[in-house]
2 protein chains.
Amino acid sequence: MRRVTIRDVAAEAGVSIGTASKALNGQGKLRAETRERVAEVAERLGFAPNTLAQALLAGRSFTVGLITTDSFGRFSIPVMLGVEDALGTGQVSVFMCDTRDDPERERRYVETLAARRVDGLIVSGRRIEPRPPVVAGPGIPVVYAMTQPVGEDGPAVVPDDEGGGRVAAEHLLHGGRRRIGHITGPERFLGARMRAAGFGATLAQAGLRAHGGVRFGEWSERWGREAAARLLAEEPGTDAIFCGSDQIARGVADTLRAAGRAIPGDVALVGFDNWEPMALGAQPPLTSVDMCLEEVGRVAAGLLLAAIAGEPARGTRRVPCRLVTRQSSRPGPTG
Amino acid sequence: MRRVTIRDVAAEAGVSIGTASKALNGQGKLRAETRERVAEVAERLGFAPNTLAQALLAGRSFTVGLITTDSFGRFSIPVMLGVEDALGTGQVSVFMCDTRDDPERERRYVETLAARRVDGLIVSGRRIEPRPPVVAGPGIPVVYAMTQPVGEDGPAVVPDDEGGGRVAAEHLLHGGRRRIGHITGPERFLGARMRAAGFGATLAQAGLRAHGGVRFGEWSERWGREAAARLLAEEPGTDAIFCGSDQIARGVADTLRAAGRAIPGDVALVGFDNWEPMALGAQPPLTSVDMCLEEVGRVAAGLLLAAIAGEPARGTRRVPCRLVTRQSSRPGPTG
DNA sequence: TGATCCAAGGAATAGGTTTTCCTTATCCCC
DNA sequence: GGGGATAAGGAAAACCTATTCCTTGGATCA
């Protein structure tokens with residue numbers, strides 16, 4: 001019933017506790033024969049060192065806390081996987097904490113984590129908007145992923161929304177489109193503004209601008225349907241639409257189909273998020289900008305490990321977006 | 001820089017370490033004045049007891065491991081939230097472990113968790129199919145959520161798929177539908193079979209059977225579109241379709257609309273999963289069966305806590321499904 | 001006045017591991 | 001043969017807290 005300790009191993013092997021420890025960790029001066037005997041006994045007894053005791057002694061726990069505000073939603077999950085991926089192999093375990101956007105819950109979590117002597121903290125969010133910084137106490141580094149601290153200079157890792165807007169625009173221009181609209185989420189979202197900015201900048205280089213102007217609204221399919229209907233009415237010549245999310249793109253696609261416009265024949269479509277169930281289920285499957293959120297998580301975890309090792313970082317890093325091409329944007333009318 | 005320990009508090013308050021501990025924990029015999037003084041010093045110094053040391057002493061760590069095989073996908077996330085919800089308030093922290101369906105990774109995680117002296121383990125999955133049991137070592141209880149151990153009698157918590165099929169059927173019958181089809185995922189999925197069974201049993205009680213037979217296929221929108229087309233061709237009189245997932249239901253809806261059938265006027269639609277982005281984005285929004293996965297997680301966490309407290313459970317518990325009514329199934333032709 | 005009792009708080013132990021320092025024995029060389 | 005170097009391994013401290021047992025001093029009582 002009781003877990004076997006190094007004391008049991010030592011007794012069974014006929015050595016002292018310290019010697020057993022050295023044998024198992026390759027330290028000190030021991031006869032090869034002794035090392036082997038101890039190792040064999042440990043193996044046979046199924047000994048595994050108590051991490052708690054090690055942590056207490058070493059002054060670090062080889063754990064980190066992962067705090068998310070959005071109930072591990074669609075955006076924080078991939079980030080989390082990236083974090084876990086990057087840390088898991090290094091034998092660092094991750095405490096998950098969902099604050100449900102409640103500052104009080106967050107405070108309690110941070111306290112608990114500090115009491116557990118986590119080596120560091122990753123704070124993740126659903127939006128890249130700056131948020132109040134987390135203070136975990138002296139010596140506990142914090143890295144932000146998919147969000148940024150307000151009033152501090154990082155360290156943070158976010159997707160490059162502006163770049164995402166650029167690649168979408170480049171792709172559509174390259175496909176021969178010239179009258180490209182943009183339907184996206186609420187203007188108060190920093191991400192939406194940055195995507196629109198990157199998109200607009202690239203069009204400007206080609207001497208163009210968003211066809212029909214940038215249309216901010218909601219992140220829903222309904223908004224996609226509605227906005228597309230208006231855009232078609234006002235700018236019937238539109239030959240491509242860059243959408244701020246795959247959900248919006250689906251709504252847009254529905255309206256286009258209902259209006260008898262072929263995708264991509266008449267109008268090419270590019271979404272954002274590359275949310276597979278949405279993008280693949282659409283008719284036709286959606287070209288979409290992937291924010292590489294797992295990579296965001298991995299980079300954040302890397303920064304945290306560096307900080308724990310004594311090399312803290314500052315500033316905000318932007319992870320490039322990747323365009324995933326599918327049928328909704330195959331070369332168009334002139335191509 | 002160094003975290004303040006109880007030794008610092010004791011010194012500052014002019015008492016011994018033991019006394020400080022008693023003062024802070026309400027133990028032993030101390031003057032009220034002493035307790036207050038210690039408390040005040042602890043507060044001032046920002047003292048929080050080192051959980052690692054407490055755990056080492058108490059023989060339990062107040063942590064549990066949460067193992068998932070499906071990269072925290074759409075099904076394990078809500079389960080996870082429920083678990084975290086039920087445990088978080090009890091000051092139990094959760095280690096997250098994503099095995100990515102790799103038995104070797106899983107083995108390593110279980111070892112690591114055992115070395116960290118977790119008090120228990122929750123194993124979650126993406127399907128309710130039985131899976132090889134996890135052996136965490138002596139004295140570490142395991143509870144399965146959204147999956148079951150093969151060859152052992154739980155303890156496991158899964159959604160009541162059969163009941164889900166029943167409520168869907170009852171709802172449609174109650175709405176006056178009589179020719180109700182069923183389009184669902186692959187037959188090899190236990191969940192799909194159970195939903196179909198519950199659905200069929202309820203229809204049988206009304207002297208009916210699945211209109212056009214149960215159609216197993218895939219979990220995709222494409223399959224929904226394809227199967228609906230065939231069903232309409234073979235059984236034009238179909239007045240309702242129960243779908244094995246919301247994705248399938250969306251595909252079905254697309255085909256129905258393209259065929260000029262009104263939803264719910266001509267054909268009522270019920271989905272499964274109540275996956276909001278899918279269900280709400282559909283035209284019209286989908287009535288859907290919600291598996292209450294958060295509740296599954298909460299129940300599993302409860303069982304684990306009980307097991308840790310010395311009251312192990314056995315068997316498989318089924319958490320009832322809940323029907324969420326939306327426009328796709330408003331009372332139909334005869335109603 | 002001496003024996004009891006109680007209040008208040010100190011000392012020590014336990015928990016499991018790692019590391020530093022120390023001891024013992026053997027060997028080599030002068 | 002004695003001194004020093006070296007090999008091999010033991011003893012003990014350290015990490016931090018909670019608890020058990022013990023001590024001290026004062027008050028009470030006969």
Side-chain angles (χ1 to χ4, degrees), chain A residues 1-39 41-42 45-63 91 112 114-119 137 139, chain B residues 1-39 41-42 45-63 91 112 114-119 137 139:
Chain A
M1 196 68 185
R2 220 184 84 266
R3 296 265 324 179
V4 26
T5 75
I6 200 171
R7 163 177 269 109
D8 304 323
V9 174
E12 178 80 11
V15 297
S16 75
I17 294 179
T19 301
S21 174
K22 288 176 218 162
L24 295 172
N25 296 307
Q27 300 292 324
K29 305 199 155 190
L30 277 66
R31 264 182 308 169
E33 190 267 332
T34 306
R35 287 194 199 281
E36 283 163 22
R37 182 157 40 95
V38 172
V41 170
L45 266 49
F47 168 73
N50 185 329
T51 315
L52 264 40
Q54 290 179 315
L56 185 57
L57 192 57
R60 59 168 293 196
S61 61
F62 290 91
T63 60
Q91 299 297 350
T112 303
R116 289 195 185 277
R117 299 300 190 271
V118 292
D119 299 332
Chain B
M1 199 62 186
R2 220 184 85 265
R3 296 260 330 173
V4 27
T5 76
I6 200 171
R7 160 177 271 110
D8 304 322
V9 175
E12 179 82 10
V15 297
S16 74
I17 293 178
T19 301
S21 173
K22 289 176 219 164
L24 294 172
N25 295 306
Q27 300 292 325
K29 304 198 157 190
L30 277 67
R31 265 181 307 170
E33 190 266 333
T34 306
R35 285 191 200 282
E36 284 162 23
R37 182 158 38 93
V38 172
V41 170
L45 266 48
F47 168 74
N50 185 329
T51 315
L52 264 40
Q54 291 180 315
L56 186 57
L57 193 55
R60 59 168 293 197
S61 60
F62 291 90
T63 59
Q91 298 297 349
T112 303
R116 289 195 185 279
R117 299 299 189 271
V118 292
D119 300 332

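Below, read A as the first sequence line, B as the second, and so on, with proteins coming before strands; counting in each chain starts at 1.
Among the nucleotides C/dG9, C/dT17, D/dA18, the one closest to the side chain of A/Asn50 is C/dT17. Minimum atom distance to the side chain of B/Leu56 is reached by C/dG15, of the listed C/dG15, D/dT17, D/dG9.
In this structure, the side chain of A/Thr51 engages the main chain of B/Ala115 through a donor-acceptor pair within 3.5 Å. With hydrogens and angles disregarded, no donor-acceptor distance shorter than 3.5 Å links the side chain of A/Arg60 to the backbone of A/Asp119.
Taking each heavy atom of B/Pro49 and B/Gln54 in turn, the nearest pair found is CB-NE2, 3.6 Å. In terms of heavy atoms, A/Val4 sits closest to A/Asp8 at CA-OD2, 3.3 Å.
C/dG15 atom C1' lies 14 Å from atom CD1 of A/Ile6, rounded to whole Å. Going from atom CD of B/Glu36 over to atom P of C/dA8 covers 13 Å, rounded to whole Å. Rounded to whole Å, the distance from CG on A/Leu24 to C1' on C/dG16 is 13 Å. Taking atom CG on A/Leu52 and atom C1' on C/dA14, their separation rounds to 15 Å, with Å as the unit. Residue B/Gln54 contributes atom CD, which lies 20 Å from atom P of C/dA14 at whole-angstrom precision. Atoms CG (B/Leu30) and P (D/dT19) sit 13 Å apart, rounded to a whole Å. Atom CZ in B/Arg35 sits roughly 9 Å away from atom P in C/dA8 (whole-Å rounding). Whole-Å rounding puts the B/Arg3 CZ to D/dA14 P distance at 22 Å.
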Next on the checklist: Run the side chain to side chain contact (heavy atoms under 4.5 Å, CB included) test on A/Thr19 and A/Val38 for me, step by step, so that the C-alpha distance in whole Å, both residues' side-chain angles and the decisive distance to 0.1 Å come before the verdict.
Outcome noted: CA-CA 9 Å; A/Thr19 301; A/Val38 172; 5.5 Å; no
Next on the checklist: Between A/Arg37 and A/Thr34, is the side chain to side chain contact (heavy atoms under 4.5 Å, CB included) condition met? List the steps.
Outcome noted: CA-CA 5 Å; A/Arg37 182 157 40 95; A/Thr34 306; 3.9 Å; yes
Checklist entry - side chain to side chain contact (heavy atoms under 4.5 Å, CB included) between A/Leu56 and B/Asn50: does it pass, once the steps are laid out? => result CA-CA 9 Å; A/Leu56 185 57; B/Asn50 185 329; 3.8 Å; yes
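Nearest-nucleotide assignment on DNA chain C puts the 5′-proximal partner with B/Arg37, out of B/Arg37 and A/Arg7.
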Protein and nucleotides 19-21 of chain C: nitrogen or oxygen contacts under 3.5 angstrom:
none

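Remark: B/Arg31 is in phosphate contact with C/dG9, judged by side-chain N or O atoms under 4.0 Å from OP1 or OP2. At C/dA8, none of the side-chain N or O atoms of B/Lys29 fall inside 4.0 Å of OP1 or OP2 (strictly under the cut-off). At least one side-chain nitrogen or oxygen of B/Thr34 sits closer than 4.0 Å to the OP1 or OP2 atom of C/dG9.
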